[in-house]
Amino acid sequence: MVSRISARIGAISESATLAVDAKAKALKAAGRPVIGFGAGEPDFPTPDYIVEAAVVAARDPKNHRYSPAGGLPELKQAIVDKTLRDSGYEIEASQVLVTNGGKHAVYNTFATLLDPGDEVLLPAPYWTTYPETIQLAGGVPVEVLADESQNYLVTVEQLEAARTEKTKALLFCSPSNPTGAVDTPEAIEAIGRWALEHDIWVITDEIYEHLTYGDTKSTSLPVAVPELANQTVVLNGVAKTYAMTGWRVGWMIGPKDVIKAATNLQSHQTSNVCNVAQRAAIAALTADLSAVDEMKVAFDRRRKLMVQLLNDIPGIECPEPTGAFYAYPSVKGLLGREINGKVANTSAELAAIILDEVEVAVVPGEAFGAPGYLRLSYALGDADLTEGIARIAKLLS
């Protein structure tokens, strides 16, 4: 029988993080006291000044009509100004494409750059969407694993060992989802110079740029290696920094020919991003970062608490993340043990047991190309964080 679904679309896996979040929310709606560590979503409301800008925009008839497929000129200029302010990276508006969230930017980038059979080096653990979008574009993801012994940070030597004559691009994400690891400026420069030497494109996802802690700072790759700018695409958006996950505004920054081609693609996919959301994004990017800094204080407190509580559980080893809002503990020491009459031989099985037995939702490492780990977001309230890990600790003790 001929399949009703195309092979290309049928091969896509469901987003594991969204699936876990959806299951947790469904159980909550059914009255269960589920605590969800699954979604990378700040628990804070979008700041009031951004919401007010959207209210004003919704009342303005000019926002009720089509606008340029590549983004409102005012938003593109705000992205230019913000990129110089925050990263020290000088660009032009013609190098910017506004997209329907960060995922759309990821998809558009790979669809624009890749031909069938092109290989993309993909450091693992990786965000679950990366390999799916690479494969949708006809590319081949080549996983390069960095485990907890190297703080989940891939080395130039590992990348070089994985490089072949088919390697076209490297996906780079610092601060990292799912691990929270942040590369040093020196490591970022070394990776950039390696990519430049071998004429490899770099797609660098900087959506967590402002979420770093202590003395850690994020470094934009084309700033570290300016000569690489002509073969670099920077991905970013307002979702994480400004608690705007549902507003769906992201962007690509890249060479003009790449952005022009990606804009042509988007003109047939979606046309413009919602004008009201774009106006809200302008308000976010043109204001100062005080609201962001307030959220960071809470994230930092939760980060330290989560790491401490996880490392107090025998069998769990959790490096301290220095960016984003995720902890990524190794649970290899728990595998094969009996837990309430059940045995988890994989981290996926362990996550299922935790959800079934104590109603806490976590995402297993299998979703990120690294079995033997769990990802827990600390972008949730302090009380839920403490209660959720206490339940896990009681189950595993």
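Just so it is clear, the model here is predicted, and its values are computed rather than measured.
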| query | Between Asp43 and Arg302, is there a salt bridge with N-O shorter than 4.0 Å? | reply | yes
| query | Can you name the one residue among Trp127, Tyr378, Tyr208, Phe37 that meets ring pair (Phe, Tyr, Trp, His ring centres under 6.0 Å) with Tyr326? | reply | Tyr208
| query | Less than 4.0 Å between a side-chain N and a carboxylate O, is that true for Lys304 and Glu320? | reply | no
| With a 6.0 Å cut-off on ring centres, are Phe299 and Phe325 close enough? | yes
| message | Are more than 12 heavy atoms, taken from residues, nucleotides or ligands other than Gln150, located less than 6.0 Å from that residue's CD atom? | response | yes
Side-chain donor-acceptor pairs under 3.5 Å in residues 335-344, sequence neighbours left out?
residue : atom : partner : partner atom : Å
Arg337  : NH2  : Leu396  : O            : 2.8
Asn340  : ND2  : Glu357  : OE1          : 3.0
Lys342  : NZ   : Glu357  : OE2          : 2.9

| task | State plainly whether the residues Lys296 and Asp300 are in salt-bridge range, i.e. N to O under 4.0 Å. | result | no
| query | Any luck finding a side-chain donor-acceptor pair between Tyr107 and Gln269 under 3.5 Å? | reply | no
| query | Rounded to the nearest 0.5 Å, what separation is found between the CG atom of Leu305 and the CD1 atom of Ile389? | reply | 6.5 Å
| message | Heavy-atom count check: over 12 atoms from other residues, nucleotides or ligands less than 6.0 Å from Asp257 CG? | response | yes
| Lys240/Glu206 ion pair, N-O < 4.0 Å | no
| task | Ignoring hydrogens and angles, state whether a donor on the side chain of Asn275 or Arg65 is under 3.5 Å from an acceptor on the partner side chain. | result | no
| Judged by modelled atom types alone, do Glu209 and Asn236 share a side-chain donor-acceptor pair under 3.5 Å? | yes
| Strictly by modelled atom types, are Thr179 and Ser176 linked by a side-chain donor-acceptor pair under 3.5 Å? | yes
| request: Please step through side chain to side chain donor-acceptor pair (under 3.5 Å) for the pair Thr164 and Glu119, ending with a clear verdict. | output: CA-CA 8 Å; Thr164 73; Glu119 294 180 353; 2.7 Å; yes
| Would you call Lys166-Asp118 a salt bridge at under 4.0 Å N-O? | no
| request: Before accepting this row, confirm whether a basic side-chain N of the pair Glu317/Lys332 lies closer than 4.0 Å to the acidic partner's carboxylate O. | output: no
| task | Report, as yes or no, whether the 6.0 Å neighbourhood of atom CD1 on Ile9 holds more than 12 heavy atoms from other residues, nucleotides or ligands. | result | yes
| field | Ion pair Arg193/Glu197, N-O distance below 4.0 Å | value | no
